[in-house]
Amino acid sequence: MVLSLFGKVCRMLVPKSLRCEYLENPLGLDVLNPRLSWRLENASAGSPSSLQAAYHLIVASSREKLDKLDGDLWDTGKVSSDQMIHVEYQGKLLKARAWCYWKVKVWDEDGRSSNWDDSPVAFWHVGLLHKSDWGTAQWVGGPARESRRMKVQDRTKNYPQEIIASDPSPLLRKKIALPGGIIRVMLYVTALGEYEVRINGKRVGDQYLAPEWTDFGKRVQYQTYDVTALVVPGQNTLGAMLGDGWYLGLLGPGDAIRQRYYGQNRRLLLKLVIETGDGKTTEVMTDRTWKLNENGPITYSDHFMGEMYNGTLEQAGWDMPEFDDSSWVNVIVDDGVNVNLVAQKNEPVRIFETLTPIAITSPRKDTYIFDFGQNLVGWCECLLDGKAGQQYVLRHGEMLEEDGTLHVDNLRLATQTDCYTHDGRGLRSLQPHFTFHGFRYVEVTGFSIKPNLSTLKAHAIRSSAPETGAFECSNVMLNQLWKNILWTQRNNMASIPTDCPQRNERMGWMGDAQVFAQTAIYNMNMAAFFSKFTIDMRDAQGEEGQYTDFAPHPYPAKTAMSFGPGWADCGIIIPWRLFVAYGDTRVLAEHYESMKKYVDLIYDENPDYIWKVWGSNYGDWLNGDTIKNAKGYPKKGGELPKVPYATLFYWLSASLLAKIAGVLDKQADQEKYLRLAKNVQDAFNKKFVKADGKIEGNTQAGYALALGFGILPSALQEKAIKHLLAALKTYGNRISTGFISTIQMMLELSARGHNDLAYKLIESHQFPSWGYSIEQGATTIWERWDGYVKGRGFQDRGMNSFDHYSIGAVGEWMYRVILGINFDESQPGMKHLILAPKPDGSLTWASGHYDSIRGRIAVGWEIKGPQTTYHFDVPPNILATIVLEKKEGAQILENGKPVKENPRIQVLEDAGTFIKMAVKAGTYDFASQKD
Ligand code: BGC
């Protein structure tokens, strides 16, 4: 705290939350010019500093140098700039395994600076950059085994299917002698398949399912761990287990199921680097001296099928130095592996919560069902006693049948079953290693004594992108809906954004991802996760330019599940969302040629500007026409015909690409794609829109998308909204929209004077609605509006996920309309935002926040009689426009005084029923008379 001459407290900004490539102190980065970002806070309360005027960054090669303010790698000096995100490192060329420690000092608009000590110390560690950095490390594993085929029953089909049985997980070990005086030990590791590495009996890291899913033919990720705390001078042992994972395991939907798509053999590549106080480094790598035991206790593991663990095959102490491995053989060195190794870019998959069961039931003799009260993704850790050879079987499911038994039909071929054979040596804590399940209920058989609530706990996993949102309001059903949306997001991010996490599917379906992306961005910092997914989409892109319908895409892009309108367009939509939310121009630049190729292909195939030639076309998936046997609900009339549907995406992708070209300063391209967009717009309006504003099909979806995507000329917009209202009325003011159009309908109703109707839809409990599923006990978002209907039972047996986020895209509406937190695409990365909450419906209060890349934006409002009060927190270096509704002629007060009296507020417009104000960072309390 600084005192001025007059004894008043001087305000000053301090930097917080230092991030490098969106990550907190990343280990093993392979970006040579990483982007550095920070947030700003005011050091104490009172009238705050609102803008950063300058910064000074120092990057040092050691902590000691940084402490002495010796920026030997980079010292920017004082830079007059308000930039606080994506400051690109431009210091000395970084070499593999370099350490970079950094700090920042900032100045505010009045020239007051923070102290160097105010800055947290942050760092990043450079990974292995080139093949040569891996030295002589070799890919090792076991000899190829003859594949065993086994029959499995997809419960939705009356014939069994054949798959290859997963092989037992091999155990690999290497005894090493380490010198004294160790300062630091870093481990760089990856696998074909999945790995768990152990040092002296302890698991390395808290990451699961590594190296995670990429198009392995194009890129295999490696991970970096600081394992200094796990080693000792003298004898140490490295151990590793390998599983199938995405590389060898079952992948994909329905009959298109894949297995061993990327390769046949599990392999490990590892390098350990030991630094000692004498300045020397020692290296240990995978090579032919490693020992192998082909028959570890994991006898089977697969993401879809689950894991089998035979405790009687355990080799006690196998990962400890004193273990006698003389009966083990030497590993095989596989010189044939030639992959492109890259560092993992996004947050690892970790356990983020551990849940205990809320109830145990026993629908059949000796069969117990544990209810975790929450649909989740992960696995159970069990506390099991038993005789040697005693078997326990855990089956996982999302729902129960009416008789209380586990509902497993909707898993299709995925058995999600873990089996344990007890070793008879007392109470054991057991959990799987190379699988994950989607479940709320776990059926367990095999007990000889009655289990209790502490027998099982459930570990919930996800790619650990930080959560950034909060929402609460006076309607408990909406609070549950918000929670269900968040859980569904958590449950569908094991390395990639999936459609669902339980049945044999679990693919990175891009229609689902693009429609949910904005909600996802409010709920979590998705920057790193979606940046990695953008590369996945690019890797999957077909040679002609078609984006696929999901990524990674273990099928030929030319023939299968590709180039689907609304799905493939995700290749443009997600990078655009990254730009708007995080100001990320690098992702646009890196992805630009790929996006152009895609839009050019749509044009080449559809030169008359109507999209008729596509690869697949799912349309507005799972719209009202797919609802079964609903009383008083029209059988037809929900589905927007596929050609206008596709053409809307033709327009969206062309116009987004024009904007992107503009951002990247590519003027000729910008003009080209603007022209293309204009031609598509004209063609759409000519072909599908009548003079009275009616759109082909006369569906809720058609009006919602046309208005939401902005394709209609302004003269037709009012007319279109009237038709939308009529189309809602046909359904008794119920939803008939599907995956793609529901969120657009909600946003358009609120933006165009029908906010009350949007609230009615979201607060409704009448089938089909979000509220209906919640009344049925949903703890996650359902794939179908009618996934389960009282009296009728389950929908389609094979396609009925209860953990599917698409219609949860309404979360975006909750943040944008109820809380009123809106991005401004003309000032991306939250440089400016629009705060425009719109209270309505039954709500008497709402509050929440969004942790943007520049800091936390908090909103709260409450209606008390004729008065509505609003509270806003806007962090430093963000400008906000606040728009509030009010009674015509009524005065708005801030902190009890007319707004004009607050010098931090500039009234932009005060007309009719709203007021628009520009505000600087700070805390504001408004009161408005509405009625
Ligand atoms: C998935 C969807 C996906 C769709 C394509 C389904 O099987 O679960 O969420 O988008 O296929 O229509």
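As the structure lists them, so they are numbered: ligands from 1, and atoms in each ligand from 1. Predicted model, so just to flag it, every value in this text is computed and none were measured.
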Next on the checklist: Does atom NZ (Lys483) have a neighbourhood of more than 12 heavy atoms from anything else shown, all under 6.0 Å?
Outcome noted: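 Atom NZ in Lys483 is not crowded, with 12 or fewer foreign heavy atoms closer than 6.0 Å.
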Checklist entry - Can a cation-pi geometry be assigned to Arg734 and Tyr772, taking NZ or CZ under 6.0 Å from the six-membered ring centre and within 45° of the ring axis? => result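 The answer is no, since Arg734 fails at least one limit relative to Tyr772.
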Checklist entry - So is Arg784 actually on top of Trp782's ring, under 6.0 Å and inside 45° of the axis? => result no
Checklist entry - Which heavy atom of Gly193 sits nearest a heavy atom of Pro211, and at what distance? => result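 Heavy-atom minimum between the residues: O-CD, 3.2 Å.
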Checklist entry - Closest approach of Leu376 and His459, non-hydrogen atoms and distance? => result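 The pair with the smallest heavy-atom distance is CD1-O, 4.1 Å.
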Checklist entry - Looking only at heavy atoms of Glu783, does any of them come nearer than 4.0 Å to an atom of ligand 1? => result yes
Checklist outcome for this item: Per-atom filter on ligand 1: closer than 4.0 angstrom to a heavy atom of Phe739 are 9 (O)
Note the single closest protein heavy atom to [atom], along with its residue, its atom name and the distance in Å.
atom                   : value
atom 5 (C) of ligand 1 : Trp509 CZ3, 3.5 Å
atom 6 (C) of ligand 1 : Glu505 OE2, 3.5 Å
atom 1 (C) of ligand 1 : Asp499 OD2, 3.2 Å
atom 4 (C) of ligand 1 : Trp621 NE1, 3.7 Å

Checklist entry - Is there any N or O on Trp567 that sits under 3.5 Å from an N or O of ligand 1? => result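 So ligand 1 has an N or O lying under 3.5 Å from an N or O of Trp567.
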Item to check | Close N or O approach (His804, ligand 1; < 3.5 Å) | outcome: yes
Checklist outcome for this item: Out of Arg503, Met799, Met507, the nearest non-hydrogen contact to atom 8 (O) of ligand 1 is supplied by Arg503
Next on the checklist: I'd like the name of whichever of Thr498, Asp512, Ile740 reaches closest to atom 9 (O) of ligand 1 through any heavy atom.
Outcome noted: Asp512
Checklist entry - With the threshold set at 4.0 Å, does a side-chain nitrogen-carboxylate oxygen contact exist between Lys532 and Asp536? => result yes
Checklist entry - For the residue pair Tyr645 and Phe649, is the inter-centroid distance of their aromatic rings smaller than 6.0 Å? => result yes
